[in-house]
Amino acid sequence: MGRVSRDGRDWERRVALAERFGARVVTDIKVAAAFPTRHPLHAGAPGYFLSPEAGKVIADADLVVSFDWVDLAGTLDQAGLKPGATRVVNVTLEPFLQNGWSLDHQAMPATDFTLLARPDDVVNALCDIGHVAEQGEQALLVADPKPRAKGEISVDSLADALALAVRGHEPSYLRLTLSWNGEKCDFATPLDYLGYDGGAGIGSGPGMAVGSALALRGQGRLPVAVLGDGDFLMGCTALWTAVHHEVPLLIVVANNRSYFNDEIHQERVARDRGRPVENKHVGQAIDEPDIDIAAMARAGLGRGICRGDRRGRPWIRRGGRRPRASRLQRGNGGRNDPGISGYAHALRDQSRFRNVHLPDPD
């Protein structure tokens with residue numbers, strides 16, 4: 001399930017169709033929530049790259065139906081599915097957006113049948129023809145976030161603490177950092193997650209967060225964005241717009257003091273070219289001096305950024321007069337590049353929080 005409707009009825013019919021045929025469903029983080037991530041039929045964890053379980057499900061399938069999936073050819077290749085190994089149907093309007101001169105279609109998927117139609121129109125037609133129920137019936141699995149009791153706060157602990165803090169407030173995640181673990185995604189409705197920017201554009205996060213929060217205003221949702229520090233710093237003035245126009249939202253900055261995505265890339269290049277790996281941080285580290293992100297909140301861009309306590313509980317409940325910030329420790333050394341899955345693992349595993357006590361705002 002790729003780029004599909006955010007309509008609640010369309011969501012229910014996608015679930016019902018999958019249940020009728022016992023079809024496994026794969027989603028990712030590059031686009032908005034398309035299917036309940038805790039549904040028994042959901043395969044693997046959503047991510048920027050295929051999880052091993054999702055890849056195996058695709059590789060072993062008798063029939064693969066893509067509903068406007070982003071980069072279908074690349075995904076089939078990641079799954080190890082050779083052209084002709086199984087039947088592939090592609091439901092998409094993407095060819096109308098592509099241009100042969102600019103080659104923005106990139107790799108062309110090897111499909112047996114391409115249907116130029118909106119995915120949810122096809123889903124609804126299939127449900128009508130097959131007399132499929134209006135909504136799914138299977139119960140969703142229950143998420144049980146448990147932050148680590150003490151010690152360094154990892155991105156996973158941040159995800160658990162954040163999930164506990166916003167529980168009961170109908171959060172809509174506007175964006176998630178590249179280091180986010182898809183296993184922490186608990187999306188049960190179409191507005192639980194609104195997707196990524198589609199082009200890995202550093203600096204787009206704050207603007208997307210504010211725009212998405214504006215669109216959600218008055219709908220009873222809590223807009224939440226988890227941004228990397230590099231992404232936040234490149235576009236943080238967008239927060240002034242939110243404050244000025246009284247657009248409520250929560251932004252959590254996962255601060256590892258680095259453009260760590262590029263540190264991993266530079267390590268890979270260094271190994272390939274026989275250059276010193278220890279120089280991978282050059283041009284990517286955001287320290288010496290560290291940037292006081294909490295001070296930006298006190299400067300009129302927002303408020304209520306506080307540190308976590310020793311039990312890893314979040315700062316978002318603690319807003320108040322003494323803003324403090326938590327940050328991630330940059331990874332150094334270790335297993336960085338065993339492949340695409342290792343790339344995502346390195347982003348997540350080599351980032352650790354530590355508390356930084358900042359001076360009083362006075």
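Fair warning: this is a prediction, and the values are worked out from it, not measured in the lab. In what follows, every heavy atom counts, from backbone to side chain, and hydrogens, waters and symmetry copies are set aside.
Summarising the geometry of V31 relative to Y193, their closest heavy-atom pair is O-CE2, 3.2 Å, with the distance given to 0.1 Å. Scanning both residues, T75 and W69, for their nearest heavy atoms gives OG1-NE1, 2.7 Å. Shown here for K280 and Q266, the closest heavy-atom pair between the two residues is O-NE2, 2.8 Å.
Side-chain contact between V4 and D10: absent, with no pair of heavy atoms (C-beta onward) separated by less than 4.5 Å. Looking at heavy atoms from C-beta onward, D160 lies in side-chain contact with K184 at the 4.5 angstrom threshold. Two residues are said to be in side-chain contact when any heavy atoms from C-beta on lie closer than 4.5 Å; L76 and L72 meet this criterion. Annotation: side chain of L191 is in contact with side chain of Q219 (closest heavy-atom distance under 4.5 Å).
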Report, one line per pair, each donor and acceptor closer than 3.5 Å where one atom sits in a side chain of residues 82-91; sequence neighbours left out.
residue: T86; atom: OG1; partner: A61; partner atom: O; Å: 2.9
residue: T86; atom: OG1; partner: D62; partner atom: O; Å: 2.7
residue: N90; atom: OD1; partner: S66; partner atom: OG; Å: 3.4

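A salt bridge is absent between R6 and D120; no separation between the charged side-chain nitrogens and carboxylate oxygens falls under 4.0 Å.
Side-chain atoms of T189 and D192 form a donor-acceptor pair, as typed in the model, at a separation below 3.5 Å. Counted by atom type alone, S5 and R14 present zero donor-acceptor pairs between their side chains at under 3.5 Å.
Around atom CD of E183, no more than 12 heavy atoms belonging to other residues, nucleotides or ligands sit under 6.0 Å away. Counting non-hydrogen atoms of other residues, nucleotides and ligands closer than 6.0 Å to CZ of R275 gives a total of 12 or fewer.
R221 places a side-chain N or O within donor-acceptor distance of the main-chain N or O of P171, the cut-off being under 3.5 Å.
In this structure, CD1 on I29 lies 8.0 Å from CG on N181, to the nearest 0.5 angstrom.
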